[in-house]
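Quick notes on the structure that follows.
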Amino acid sequence: MSTSPPAQDRIPRHLAVIMDGNGRWAERRKRPRVIGHRAGARSVNLCIDFCLDQGIEALTLFAFSSENWGRPEEEVGALMKLFLNALEREVEELGRRGVRIRFIGERERFAPAIQDKMAAAEMSTRGNRRLTLSIAASYGGRQDIAAAARALAQDVADGKLRPQDIDEAAVAARMALGDLPPPDLFIRTGGDHRISNFLLWQLAYTELWFTETLWPELDAATLRRALDDYAQRERRFGLTGAQSLSRTGSGMAAPSDPSAE
Ligand code: FPP
């Protein structure tokens with residue numbers, strides 16, 4: 001189904017989402033939590049369709065945190081099966097629709113069959129540009145920052161970089177999603193108001209939007225509300241309102257946006 005553009009012509013280029021509430025959705029129906037994750041997979045499709053429809057260039061989804069490995073074995077196993085099924089079922093169609101798929105996080109922690117499917121999905125969709133879909137799997141924002149610090153230290157040890165040359169751009173380039181503009185809008189479903197170790201570096205100037213809606217209940221109208229709200233916000237990036245308006249007319253690229261001048 002096609003949805004019309006939001007109130008103002010200000011669409012986020014990059015949307016980041018914490019898909020929360022699958023477990024509660026199932027528990028309220030007295031069903032096992034895995035049923036909630038299965039229903040959540042349908043909302044993933046809805047969210048991707050919405051982004052394609054709205055011309056959003058990048059979507060980053062928090063599918064599985066580094067901490068989620070600590071959940072009951074049965075739930076982790078069910079989630080792994082769901083990921084594998086989704087990779088088998090959806091990738092071809094997403095590729096046909098111009099979606100480039102990428103994974104961020106500690107992929108070596110997944111079973112080889114899943115790692116293989118991740119690599120194949122990335123390879124087969126690498127030429128697509130309509131929407132970059134990044135799936136954060138076994139991802140943690142602090143781990144991301146630590147990995148960038150390690151990469152910087154290695155470059156210094158190898159004589160490729162001097163400590164005095166380490167600036168924000170050098171760090172950003174070594175973070176996950178370093179080649180994308182930072183998220184403009186962050187959405188978290190499920191009623192909690194926190195970042196939960198998602199994209200800590202990248203969310204520095206992102207507009208945050210929270211909803212009580214549980215992830216499996218997501219619909220296009222909820223996403224539209226988020227975009228309408230985003231369109232009304234004044235993004236100042238630490239400047240005064242007058243300064244930020246004079247820089248771009250209606251808003252400006254974040255300081256660490258690799259596409260900014
Ligand atoms: C958080 O809900 C959700 C997850 C930990 C898993 C997200 C996974 C999906 C949406 C399924 C498919 C995803 C892909 C990319 C194919 P929760 O279990 O923490 O919910 P709760 O807070 O109600 O317990």
Side-chain angles (χ1 to χ4, degrees), residues 15-52 58-95 97 99-107 109-111 113-122 125 131-141 143 176-177 186-199 210-219 222-223:
L15 173 63
V17 183
I18 294 189
M19 316 182 279
D20 199 16
N22 293 349
R24 274 166 290 161
W25 183 87
E27 281 159 12
R28 283 178 198 172
R29 285 164 179 72
K30 311 229 177 313
R31 305 295 307 278
R33 291 175 59 85
V34 60
I35 300 294
H37 294 312
R38 240 178 257 160
R42 285 197 294 276
S43 298
V44 170
N45 288 332
L46 182 138
C47 190
I48 294 169
D49 288 348
F50 182 85
C51 289
L52 286 167
L59 170 65
T60 301
L61 298 174
F62 205 2
F64 194 81
S65 74
S66 308
E67 293 74 28
N68 286 154
W69 291 109
R71 289 194 176 196
E73 214 176 298
E74 191 192 334
E75 185 172 342
V76 173
L79 272 168
M80 293 303 129
K81 216 185 237 170
L82 204 57
F83 294 151
L84 202 54
N85 286 345
L87 283 166
E88 277 163 1
R89 221 183 30 237
E90 311 286 352
V91 168
E92 210 178 304
E93 175 63 13
L94 289 174
R97 296 169 74 196
V99 178
R100 172 168 61 147
I101 303 172
R102 300 191 320 186
F103 296 87
I104 59 171
E106 315 152 304
R107 73 173 70 191
R109 293 186 71 179
F110 289 93
I114 294 185
Q115 290 188 44
D116 289 351
K117 291 264 182 324
M118 286 173 166
E122 289 178 331
T125 62
L131 172 70
T132 298
L133 171 64
S134 303
I135 304 197
S138 190
Y139 175 85
Q143 288 90 330
L177 311 180
F186 160 97
I187 295 176
R188 180 177 186 142
T189 61
D192 285 328
H193 293 193
R194 34 173 193 267
I195 305 289
S196 297
N197 202 19
F198 192 35
L199 304 177
F210 300 92
T211 174
E212 295 292 322
T213 303
L214 302 176
W215 180 253
E217 287 166 351
L218 185 81
D219 58 11
T222 304
L223 291 171

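Ligands are counted one by one from 1 in listed order, and the atoms in each one are counted from 1 as well. Since the model is a prediction, treat every value here as computed from it, not as a measurement.
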Among protein heavy atoms, which sits nearest to atom 15 (C) of ligand 1, and what does the distance come to when rounded to 0.1 Å? A63 CB, 4.0 Å

For ligand 1, which atoms sit closer than 4.0 Å to a heavy atom of N68? 5 (C)

Verify, without hydrogens or angle tests, whether Q115 (side chain) and R107 (backbone) share a donor-acceptor contact under 3.5 angstrom. yes

Hey, are E217 and R28 close enough for a salt bridge, meaning a charged N less than 4.0 Å from a carboxylate O? no

Mark the output for D20 as yes if a heavy-atom distance to ligand 1 is under 4.0 Å, and as no if none is. yes

At under 4.0 Å between heavy atoms, what of F83 touches ligand 1? The answer is side chain

Which bit of R33 gets closer than 4.0 Å to ligand 1, counting heavy atoms only: side chain, backbone, both or neither? side chain

Does a sphere of radius 6.0 Å around CZ in R29 hold more than 12 heavy atoms from other residues, nucleotides or ligands, not counting ones at 6.0 Å or beyond? yes

Would you please name every residue forming a salt bridge (Lys or Arg N to Asp or Glu O under 4.0 Å) with R89, sequence neighbours left out? none

Of I101, L61, L199, T60, which meets side chain to side chain contact (heavy atoms under 4.5 Å, CB included) against S134? T60

Would you say E106's side chain and S66's backbone share a donor-acceptor pair under 3.5 angstrom? no

For the backbone of D20 and the side chain of T189, can you confirm whether one donor and one acceptor N or O come within less than 3.5 Å of each other? yes

Any heavy atom of R71 sitting closer than 4.0 Å to ligand 1? yes

For residues 72-82, which side-chain N or O atoms pair as donor and acceptor with protein atoms under 3.5 Å away, sequence neighbours left out?
| residue | atom | partner | partner atom | Å |
| --- | --- | --- | --- | --- |
| E75 | OE1 | R33 | NE | 2.8 |
| E75 | OE2 | R33 | NE | 3.4 |
| E75 | OE2 | R33 | NH2 | 3.4 |
| E75 | OE2 | H37 | NE2 | 2.8 |
| E75 | OE2 | R71 | NH1 | 2.7 |

May I ask whether G190 has any heavy atom positioned less than 4.0 angstrom from an atom of ligand 1? no

Does any N or O atom in G40 lie less than 3.5 angstrom from one in ligand 1, N or O only? no

If you have a sec, work out which protein heavy atom is nearest atom 9 (C) of ligand 1 and how many Å separate them, to one decimal? N22 ND2, 3.7 Å

contact_flag E90 ligand 1 heavy-atom lt 4.0 Å: no

Should you measure from each heavy atom of A86, which atoms of ligand 1 turn up under 4.0 Å away? 16 (C)

Minimal non-hydrogen separation, R24 against G190, with atom names: NH1-O, 2.7 Å

Counting N and O atoms only, with roles assigned by atom type, does the side chain of D49 sit under 3.5 Å from a partner on the main chain of L46, one being a donor and the other an acceptor? no

Can you figure out which of E67, H37, E27, R89 has its heavy atom closest to atom 11 (C) of ligand 1? H37

If you have a sec, work out which protein heavy atom is nearest atom 3 (C) of ligand 1 and how many Å separate them, to one decimal? M19 O, 3.2 Å

N/O to N/O below 3.5 Å, does that happen between R24 and ligand 1? yes

Residue W215 vicinity, atoms of ligand 1 by number, heavy atom under 4.0 Å: 10 (C)

Any N/O pair G23/ligand 1 closer than 3.5 Å: yes

